Amino acid sequence: MNEVQQKLLRQLPDVDHLLQRPRLLKWQEKTSRKAVRDAVRAVLDRRRQAILDGQATAPFSADAFDQAVIACLQHEKTGHLRRVINATGTILHTNLGRSVFSPELARHIADVSCHYSNLEYDLPSGKRGLRYDHVRSLICDLTGAEDALVVNNNAAAVLLTLASLTAGREVVISRGELVEIGGSFRIPEVIEQSGSTICEVGTTNKTHLRDYEKVIGEKTAALMKVHTSNYRIIGFTETVSPAALAELAHTYDLPCIHDLGSGLFVDLERFGLPHEPTVREALEAGCDVVTFSGDKLLGGPQAGIIAGKAAYLQTMKHHPLLRALRVDKMTMACLEGTLQAYRNDTARRHIPTLRCLAQTKEEGRQRAVQLLLKLEAAQLPADLELIEVDDCIGGGACPDVSLPGWAVTVKVEDRPPEKLAEQLRFTEVPIIARIVHDRVVLSQRTIGDDEFDDLVRMLGRVLNS
Ligand SMILES: *Cc1c(COP(=O)(O)O)cnc(C)c1O
């Protein structure tokens, strides 16, 4: 520690002294002495650490200190989990909650959760019902599956499938498909957790049908295929198609399990994007059990959906793990609403994820112009520009696809873009934005129509302060 640091540390007032400051006394009346004391301690600790790290070099300012404590108290008041504006242009942003729901769907979730519901009650018979029945026939209609089950997420779907069908025996899987999905979900570890053993076949880039066939024996319980959602092997490659793998499995009376990752009910080619396998295609190819996420390209709640042959699903319904992995009524309400939108062919309008995906370049340009005009009308002291950007799908889906989009960029004199981006994160409705070169980029694609005004207001506060 150098002399300046020692001096700065000595300057820090004690907690009781700070609690007597007029603005903080007011907050003690509004909240409590304890709440304000905790906030004062937190800000003091932060300041002490910043001095030690050499990041705080200015003398102590009581006004700035008050402001930091009040910001801390306001943050507590609004709650920790809160809405943010996603200006990153990444549609399925795992850190920002992946999919977003329409207001109609949010009302349905609120209605079901603010009142009692028939979650496990069969209204016609007046007897106990099954929570899975609310969505079972919708999933079957949309995918052609015989039966379906819903659990907490796709990781849970894979775990339950394997624990029910292959525990104590071997799962045959290609080396090229032993992937890590992110957030520490690794296919080999999940297979082990299910009590099954892995039988790896082929190589990283090439696996042939004969590689699978060679290892099938007494201990084999299933052949498994994993869609390598988040990475691509290009060049000298070969994989076995789901159809060929299913046919081989059936020759030996084994199930073929397919972890699809992102569950798709619509063909992405309709939006001018490369083909991705849909759930229906995987089942039509002969796969016996298909698992996928509710909140990736499907655009629904966090959930794992298992669809496939009734006999296999029956085993899963009786497995004790199901209880540990079960979903609650809010998820059910949300999933049912999402699936209904697909069945009624209103998905593109009612599912924000699909709306973002389907946006054409011209629509994107028009929205960016609209945002730019609103920002210009607010006469902000900033340099604004309209640019073309590459947005992404995200969520570990289609890593090699970029979506041509439009954005408004912001630059403020004497304020580094990192500082501006940080200030945007500290506003009442935090804005999450990218930085490209020396500008903050606001991608219109992931900003809702109802968020444009909020964004202009927040930017105004930051720039005029
Ligand atoms: C995303 C993904 C998972 C995990 O799904 P969650 O719903 O996030 O648990 C599993 N397998 C594949 C192939 C995936 O892409």
Side-chain angles (χ1 to χ4, degrees), residues 90-101 135 139 148-163 166 171 173-194 196 198 207 222-233 239-240 242 245 256-265 268 274-279 281-283 285 287 289-308 321-322 324-328 330-332 334-335 338-339 353 392-401:
T90 296
I91 302 174
L92 296 170
H93 202 302
T94 300
N95 302 145
L96 304 183
R98 278 195 193 157
S99 45
V100 172
F101 311 130
V135 294
I139 299 171
L149 192 54
V150 179
V151 288
N152 198 32
N153 52 25
N154 189 29
V158 176
L159 181 66
L160 179 64
T161 300
L162 298 176
T166 65
V171 178
I173 182 167
S174 159
R175 285 206 166 85
E177 294 173 11
L178 288 169
V179 294
E180 173 172 313
I181 304 294
S184 76
F185 175 91
R186 290 176 156 188
I187 291 288
E189 287 169 8
V190 177
I191 297 177
E192 277 164 18
Q193 281 297 319
S194 76
S196 321
I198 307 168
T207 304
L223 307 187
M224 184 172 188
K225 186 150 188 75
V226 175
H227 183 54
T228 54
S229 325
N230 59 358
Y231 87 117
R232 293 276 184 274
I233 296 180
T239 58
V240 173
L245 195 65
C256 174
I257 298 166
H258 192 354
D259 175 16
L260 254 188
S262 203
L264 260 184
F265 289 168
L268 282 188
H275 183 78
E276 274 280 299
T278 64
V279 179
E281 280 168 11
L283 288 164
C287 297
V289 177
V290 175
T291 65
F292 53 98
S293 284
D295 60 348
K296 289 190 181 167
L297 287 169
L298 200 69
Q302 179 193 302
I305 302 172
I306 310 171
L321 255 186
L322 178 61
L325 305 175
R326 80 175 185 183
V327 288
D328 75 339
M330 286 183 279
T331 302
M332 265 313 171
C334 188
L335 185 61
T338 306
L339 297 171
T353 302
C392 332
I393 294 182
C398 317
D400 46 359
V401 174

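In this text the structure is predicted, and so the values were computed from the model without any measurement. We count ligands from 1, going down the list as the structure has it; atoms in each ligand are counted the same way.
- The shortest non-hydrogen separation linking Leu283 to Gly308 is CD2-CA, 4.0 Å.
- A donor-acceptor contact shorter than 3.5 Å is absent between the side chain of Glu177 and the backbone of Thr228.
- Proximity of a side-chain donor or acceptor of Asn154 to a complementary backbone N or O of Ala157 within less than 3.5 Å is not detected.
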Can you produce the list of protein nitrogen or oxygen atoms under 3.5 Å from a nitrogen or oxygen of ligand 1, alongside each distance?
unit_1, atom_1, unit_2, atom_2, d
ligand 1, 5 (O), Ser293, OG, 3.2
ligand 1, 7 (O), Asn154, N, 2.9
ligand 1, 7 (O), Ser293, OG, 2.6
ligand 1, 8 (O), Arg98, NH1, 3.1
ligand 1, 8 (O), Arg98, NH2, 3.1
ligand 1, 9 (O), Asn154, N, 3.3
ligand 1, 9 (O), Ala155, N, 2.9
ligand 1, 11 (N), Asn154, ND2, 3.4
ligand 1, 11 (N), Asp259, OD1, 3.4
ligand 1, 11 (N), Asp259, OD2, 2.6
ligand 1, 15 (O), Ser229, OG, 2.6
ligand 1, 15 (O), Lys296, NZ, 2.8

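- For the atom pair CG (Leu335) and CD1 (Ile305), the distance works out to 5.0 Å, reported to the nearest 0.5 Å.
- Side-chain atoms of His258 never come within 3.5 Å of backbone atoms of Val290 as a donor-acceptor pair (strictly under, hydrogens ignored).
- For Arg175, the side-chain hydrogen bond (donor to acceptor under 3.5 Å, both in side chains) partners are Glu200, not counting sequence neighbours.
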